[in-house]
Amino acid sequence: MVREWDPRTASSAEIASLLDTLNAVLAVDLPRDPPWRESSLREYLSEVMPGERRISWVAQAEPAANGTPGPILGQVNVLLLGDIGVLEVLVHPSRRRGGLGRDLVLVAARRAYQEGFQSIGVEVVGATPAVAFYESLGFSKEYVETRSVLDLSAVDWAELSEMATGIGAGYHLEFCPGGPPDDLIDAYARAKAEVRDVDDGELRPSSYDPQRLRDSLDCLHRRGMKPYIVLALHEQTGEVAGLTEVVVPAQHPTRADQYDTIVVQDHRGYGIDRAIKARMLLELRSAEPKLTEVQTWNAQANEAMLKVNAELGYRPDREWCEYSVDVAELVHRLDAGR
């Protein structure tokens with residue numbers, strides 16, 4: 001039974017059941033990833049940025065003979081933002097290849113179509129059954145990143161300390177747990193605007209506007225995701241010359257997620273990228289002593305950042321692909337196959 005589902009009002013038993021399915025999927029598809037925890041999972045599933053909406057459905061087994069609700073065997077949500085809907089689909093490994101995934105995609109695609117959206121995107125992890133599944137539905141690959149993982153137990157901390165100081169004269173680094181100070185928000189947003197000129201195809205664009213940046217940081221906190229930022233400041237102008245962001249989610253607190261790393265064009269060539277990322281790792285060692293890994297995603301064409309990551313000790317792990325499809329064509333294809 002597929003039904004619309006609101007994580008904000010769902011029972012604790014339903015949240016726990018969804019977590020079981022999520023971890024069952026991880027155990028099969030990404031067995032080296034840490035299992036997720038229930039901490040702030042409800043908030044992670046429900047909180048969104050202003051102007052965005054997330055609509056969810058679950059597939060739940062029939063109740064037991066004694067009336068106990070059946071487990072959640074699948075879930076789909078569509079995040080409606082800008083001019084695209086972004087899908088996330090989970091199907092318990094025991095229920096794959098039975099049509100449940102198609103049913104979940106169909107209900108979400110129909111809603112996106114009704115809402116006037118023309119395309120849907122989805123992140124697909126390489127070397128998992130999801131690749132063939134989405135391609136069979138007509139999704140086309142638009143963008144590919146490499147996910148790399150750093151094992152903090154293997155880091156040479158003395159060497160990392162040297163990297164953190166290897167920055168050109170006229171710059172200094174600042175560590176900002178929780179987000180940049182308010183007096184630097186405008187300069188921070190200007191630095192992030194550098195990515196506007198890069199047609200990277202990402203489904204979730206960075207925040208360039210100062211107010212949207214504030215909203216983004218607030219949303220992270222509400223979702224149980226703790227941001228850490230290291231800034232490179234140009235001493236002569238006070239401008240943000242570079243930045244790197246890492247988020248530690250309550251849902252998997254032993255593995256942090258690297259977000260943007262940006263060096264403003266006029267300040268490249270001074271060792272900022274490597275220094276800010278090295279300084280971040282040194283700060284995380286103290287701020288998050290339970291952290292064991294950091295994962296990052298980079299475009300395969302971004303050779304400079306891939307080189308920096310390799311110097312820091314990151315090792316390539318998986319391809320991370322973004323697919324998209326025309327909504328009307330998807331709905332027609334799925335309806336015709338029923």
Check: Any ring-ring contact (aromatic ring centres under 6.0 Å, His included) pairs touching residues 74-128, not counting sequence neighbours?
Finding: none

Checklist line | Trace of the side chain to side chain contact (heavy atoms under 4.5 Å, CB included) decision for Thr296 with Val294 | finding: CA-CA 7 Å; Thr296 187; Val294 181; 5.7 Å; no

Checklist line | hydrophobic_cluster_shared for Leu281 and Leu243, side chain cutoff 4.5 Å | finding: no

Margin query: For residues Val91 and Val105: do they belong to one hydrophobic cluster (side chain heavy atoms under 4.5 Å, members Ile, Leu, Val, Met, Phe, Trp, Tyr)?
Written below: yes

Item checked: Heavy-atom check, side chain of Leu217 versus side chain of Pro227, under 4.5 Å -> yes

Notebook entry, point to check: Is the side chain of Arg42 donor-acceptor paired with the backbone N or O of Ala10 at a distance under 3.5 Å, no angle test?
Noted result: yes

Note to self: For Arg315, give me all partners under side chain to side chain contact (heavy atoms under 4.5 Å, CB included), at least two apart in sequence or on another chain.
What the structure shows: none

Check: So with a 6.0 Å cut-off around CD of Gln236, is the heavy-atom count from everything else above 12?
Finding: no

Check: To the nearest 0.5 Å, what is the distance between CD1 (Ile167) and CZ (Arg274)?
Finding: 11.0 Å

Note to self: Show, in sequence, the C-alpha distance, side-chain angles and deciding distance for Asn298 and Thr146, and conclude whether the side chain to side chain contact (heavy atoms under 4.5 Å, CB included) test is met.
What the structure shows: CA-CA 5 Å; Asn298 296 102; Thr146 296; 5.6 Å; no

Item checked: Nearest atoms (heavy-atom pairs only) where Leu213 meets Ala189 -> CD2-N, 4.1 Å

Note to self: I'd like to check Thr261 versus Met280 (side-chain heavy atoms, cut-off strictly below 4.5 Å). Are they in contact?
What the structure shows: no

Next item on the list: Grab the two heavy atoms, one from Arg37 and one from Pro253, that are nearest each other, plus how far apart they are.
Entry: NH1-CG, 3.4 Å

Next item on the list: Please identify each residue that fulfils ring-ring contact (aromatic ring centres under 6.0 Å, His included) with Phe139, with sequence neighbours left out.
Entry: Tyr134

Item checked: Backbone N/O of Glu322 and side chain of Glu142: donor-acceptor pair under 3.5 Å -> no

Notebook entry, point to check: Does the distance from a Lys or Arg side-chain N to an Asp or Glu carboxylate O, for Glu283 and Arg279, drop under 4.0 Å?
Noted result: yes

Item checked: side chain to side chain contact (heavy atoms under 4.5 Å, CB included) evaluation trace for Asp83 with Ser119 -> CA-CA 8 Å; Asp83 59 356; Ser119 62; 5.8 Å; no

Check: So, for Asp335 and Arg110, which heavy atoms are closest and what is the spacing to 0.1 Å?
Finding: OD1-NH2, 2.5 Å

Checklist line | Pairs involving residues 268-303, ordered by first then second residue, that meet ring-ring contact (aromatic ring centres under 6.0 Å, His included) (sequence neighbours left out) | finding: Tyr171-Tyr270, Trp297-Trp320

Item checked: Point-to-point distance, once rounded to the nearest 0.5 Å, from OG of Ser40 to CE of Met225 -> 10.5 Å

Output a table of donor-acceptor pairs, distance under 3.5 Å, between side-chain atoms of residues 20-34 and any protein atom two or more places apart or on a different chain; print 'none' if there are none.
from, atom 1, to, atom 2, distance (Å)
Thr21, OG1, Ile72, O, 2.6
Asn23, OD1, Trp36, N, 2.7
Asn23, ND2, Trp36, O, 3.1
Asp29, OD1, Arg96, NH1, 3.1
Asp29, OD2, Arg96, NH2, 2.8
Asp33, OD1, Arg147, NH2, 2.9
Asp33, OD1, Arg255, NH1, 3.0
Asp33, OD2, Arg147, NH1, 3.0

Notebook entry, point to check: If you count the non-hydrogen atoms of other residues, nucleotides and ligands that lie under 6.0 Å from CD in Gln118, is the total more than 12?
Noted result: no

Next item on the list: First locate atom CZ of Arg111, then atom CG of Asn77, and finally report the distance between them rounded to the nearest 0.5 Å.
Entry: 12.5 Å

Next item on the list: Classify the side-chain pair Glu88/Ser56 by whether it contains a donor and acceptor separated by less than 3.5 Å.
Entry: no

Item checked: Distance-only polar pair, side chains of Asp257 and Gln295, donor-acceptor under 3.5 Å -> yes

Item checked: Residues that Glu52 engages under salt bridge (Lys or Arg N to Asp or Glu O under 4.0 Å), provided they are two or more places apart -> Arg212

Check: Any chance NE2 of His332 has more than 12 other-residue heavy atoms, nucleotides or ligands included, within less than 6.0 Å?
Finding: no

Next item on the list: Quick one: list whatever passes ring-ring contact (aromatic ring centres under 6.0 Å, His included) with Trp157, sequence neighbours left out.
Entry: none

Checklist line | Expected output: side-chain Glu245 to main-chain Asp260 donor-acceptor under 3.5 Å | finding: yes

Notebook entry, point to check: CZ of Arg8: more than 12 outside heavy atoms within 6.0 angstrom?
Noted result: no

Notebook entry, point to check: Which heavy atom in Ile229 sits nearest to a heavy atom in Pro180, and how many Å separate them?
Noted result: CD1-CD, 3.3 Å

Check: Mind checking what makes salt bridge (Lys or Arg N to Asp or Glu O under 4.0 Å) contact with Arg214, not counting sequence neighbours?
Finding: Asp182

Item checked: Residues, nucleotides or ligands: over 12 heavy atoms within 6.0 Å of Arg95 CZ -> no

Notebook entry, point to check: Can you list the residues that meet the ring-ring contact (aromatic ring centres under 6.0 Å, His included) rule with Phe133, with sequence neighbours excluded?
Noted result: none

Next item on the list: Evaluate side chain to side chain contact (heavy atoms under 4.5 Å, CB included) for Asp103 paired with Val107, printing each intermediate quantity in order.
Entry: CA-CA 6 Å; Asp103 291 344; Val107 70; over 6 Å; no

Check: Do Ser153 and Thr292 have side-chain heavy atoms sitting under 4.5 Å apart?
Finding: no

Next item on the list: Keeping the roles fixed (side chain from Arg54, backbone from Leu79), state whether a donor-acceptor pair exists under 3.5 Å.
Entry: no

Checklist line | Single-linkage hydrophobic cluster, 4.5 Å side-chain cutoff, Ile272 and Val240 together | finding: no

Next item on the list: Report yes if some heavy atom in the side chain of Val325 is under 4.5 Å from a heavy atom in the side chain of Leu137; otherwise report no.
Entry: no

Note to self: Would you say Tyr188 ends up clustered with Ile276 if hydrophobic residues are merged whenever their side chains have heavy atoms under 4.5 Å apart, either directly or through other cluster members?
What the structure shows: no

Notebook entry, point to check: Do Lys226 and Pro177 come within less than 4.5 Å of each other through their side chains, counting heavy atoms only?
Noted result: no

Check: Is Val89 reachable from Val78 through a run of hydrophobic residues whose side-chain heavy atoms are each under 4.5 Å from the next?
Finding: yes

Note to self: On a heavy-atom basis, which atom in Leu90 and which in Leu104 lie closest, and how many Å separate them?
What the structure shows: O-CD1, 3.8 Å

Notebook entry, point to check: What are the two closest non-hydrogen atoms of Pro249 and Ala256, and how far apart are they?
Noted result: CD-CA, 4.4 Å

Next item on the list: Could you tell me which residues satisfy salt bridge (Lys or Arg N to Asp or Glu O under 4.0 Å) with Glu43, sequence neighbours excluded, listed by chain and number?
Entry: none

Notebook entry, point to check: Does Gln258 reach the side chain of Thr244, with side-chain heavy atoms less than 4.5 Å apart?
Noted result: yes

Checklist line | Partner set under ring-ring contact (aromatic ring centres under 6.0 Å, His included) for Tyr228, not counting sequence neighbours | finding: Phe175

Item checked: Partner residues of Asp218 under the salt bridge (Lys or Arg N to Asp or Glu O under 4.0 Å) criterion, sequence neighbours left out -> Arg222

Check: Do you see a donor-acceptor pair shorter than 3.5 Å between the side chains of Trp5 and Glu14?
Finding: yes

Next item on the list: Find out whether Met163 and Leu312 are in side-chain contact, i.e. whether some heavy atom of one side chain is under 4.5 Å from a heavy atom of the other.
Entry: yes

